[in-house]
Amino acid sequence: MHFDSTQKPDPAVCPRQFCFFWRPVNWHTQGRNQAERLYATEGECLCDFGVCTRLNPAQGDRDWYEPDEPDLEEAGLPWFFFINTPASLVRSLSEKYIAESEALWGKEHWQRRFTPLPDEQTIREGLE
């Protein structure tokens, strides 16, 4: 999945590899015996705190997203890219989030309702 850092992402989308709790295909826990290893077919969320609303909106108990800074940096995305609002951060990071994200996405962007850009299929269907 490719993301453009100048476009704020849909807050309901699971960032997958950009979340600390996500593990890719065939990831296994080190230090466990063969029978205890975890294997996934498409990757999986291994958050121990609960079910994330980004992965399962119907059964999730809250947004458990935790940035995986090395993967964000490697993809050229800012540390705050998938963080929806400064309210979910500690005060010192909240102020940093406001300054840096407003420079990229505009003043008080987190207070506006998200309207996703139409995808290519939707655009094609509208032209037919």
Side-chain angles (χ1 to χ4, degrees):
M1 192 177 297
H2 175 74
F3 294 96
D4 176 357
S5 66
T6 64
Q7 300 294 319
K8 187 172 180 180
D10 181 340
V13 170
C14 175
R16 298 187 182 257
Q17 77 268 18
F18 300 110
C19 180
F20 176 79
F21 298 115
W22 187 260
R23 295 298 175 262
V25 176
N26 295 326
W27 176 86
H28 66 277
T29 55
Q30 295 179 356
R32 294 187 180 209
N33 66 39
Q34 187 69 24
E36 294 175 319
R37 289 188 178 154
L38 301 172
Y39 290 94
T41 57
E42 296 179 11
E44 64 184 330
C45 178
L46 295 180
C47 179
D48 290 334
F49 302 117
V51 177
C52 185
T53 54
R54 294 189 195 210
L55 189 61
N56 188 332
Q59 295 180 344
D61 51 353
R62 68 172 281 199
D63 182 350
W64 291 104
Y65 171 68
E66 184 65 33
D68 187 338
E69 285 94 349
D71 283 349
L72 288 164
E73 186 176 332
E74 184 177 315
L77 299 173
W79 66 271
F80 57 82
F81 190 70
F82 293 100
I83 297 173
N84 301 319
T85 174
S88 62
L89 300 168
V90 295
R91 185 178 196 101
S92 61
L93 283 179
S94 178
E95 292 168 0
K96 182 177 179 183
Y97 171 89
I98 290 169
E100 293 180 23
S101 67
E102 282 186 349
L104 189 60
W105 297 323
K107 186 171 174 63
E108 298 179 349
H109 62 85
W110 66 89
Q111 293 182 4
R112 290 182 231 128
R113 182 180 167 101
F114 179 80
T115 306
L117 296 172
D119 63 12
E120 189 175 326
Q121 181 65 33
T122 304
I123 293 169
R124 268 193 244 126
E125 289 172 0
L127 295 174
E128 295 175 351

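What you see is a predicted model, and the numbers here were worked out from it, not measured in a lab. We use all heavy atoms of the structure for the numbers below, so side chains are in, but hydrogens, waters and symmetry mates are not.
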Taking side-chain hydrogen bond (donor to acceptor under 3.5 Å, both in side chains) as the test, write out the residues that go with [X], two or more places apart.
X   : value
Q59 : N56
E74 : none
D71 : none

Self-check item: L104 versus P78, closest heavy-atom pair with distance
Solution: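 That would be CD2-CG, 4.0 Å.
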Self-check item: Non-hydrogen atoms of N84 and W110 that approach each other most closely
Solution: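 That closest heavy-atom pairing would be O-CB, 3.3 Å.
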With [X], which residues qualify under side chain to side chain contact (heavy atoms under 4.5 Å, CB included), at least two apart?
X    : result
D48  : none
S101 : F80, Y97, W105, H109
A12  : D10

Using distance only, find each side-chain donor-acceptor pair of residues 85-93 under 3.5 Å and give its atom names and separation, not counting sequence neighbours.
from : atom 1 : to  : atom 2 : distance (Å)
T85  : OG1    : A87 : N      : 3.3
S88  : OG     : T85 : O      : 3.0
R91  : NE     : E95 : OE2    : 3.4

Quiz item: Please walk me through it: do F82 and F18 pass ring-ring contact (aromatic ring centres under 6.0 Å, His included)?
Solution: CA-CA 8 Å; F82 293 100; F18 300 110; 5.7 Å; yes
Quiz item: Do P9 and F81 have side-chain heavy atoms sitting under 4.5 Å apart?
Solution: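 A side-chain contact under 4.5 Å exists here.
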Self-check item: Heavy atoms of other groups near E100 CD, more than 12 under 6.0 Å
Solution: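 Yes, CD of E100 has more than 12 neighbouring heavy atoms, counting only those of other groups under 6.0 Å.
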Practice problem: Can you tell me which residue pairs pass the salt bridge (Lys or Arg N to Asp or Glu O under 4.0 Å) test with a partner in residues 50-67, sequence neighbours excluded? | Solution: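 Applying salt bridge (Lys or Arg N to Asp or Glu O under 4.0 Å) to every pair that reaches into residues 50-67, excluding sequence neighbours, yields R54-D63.
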Quiz item: Can you tell me how far the OG atom of S5 sits from the CG atom of L77, to the nearest 0.5 Å?
Solution: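 S5 atom OG to L77 atom CG measures 6.0 Å (nearest 0.5 Å).
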Practice problem: Give, for atom CZ of R23 and atom CD of E44, the distance between the pair rounded to the nearest 0.5 Å. | Solution: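 If we round to the nearest 0.5 Å, R23:CZ and E44:CD are 9.5 Å apart.
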Self-check item: Partner set under salt bridge (charged side-chain N to carboxylate O under 4.0 Å, His left out) for D68, not counting sequence neighbours
Solution: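 Listed in chain order: nothing, the list is empty.
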Exercise. Run through the side-chain heavy atoms of Ile, Leu, Val, Met, Phe, Trp and Tyr, join any pair under 4.5 Å, and report what else lands in W64's cluster.
Key: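 Listed partners: F20, F21, F49.
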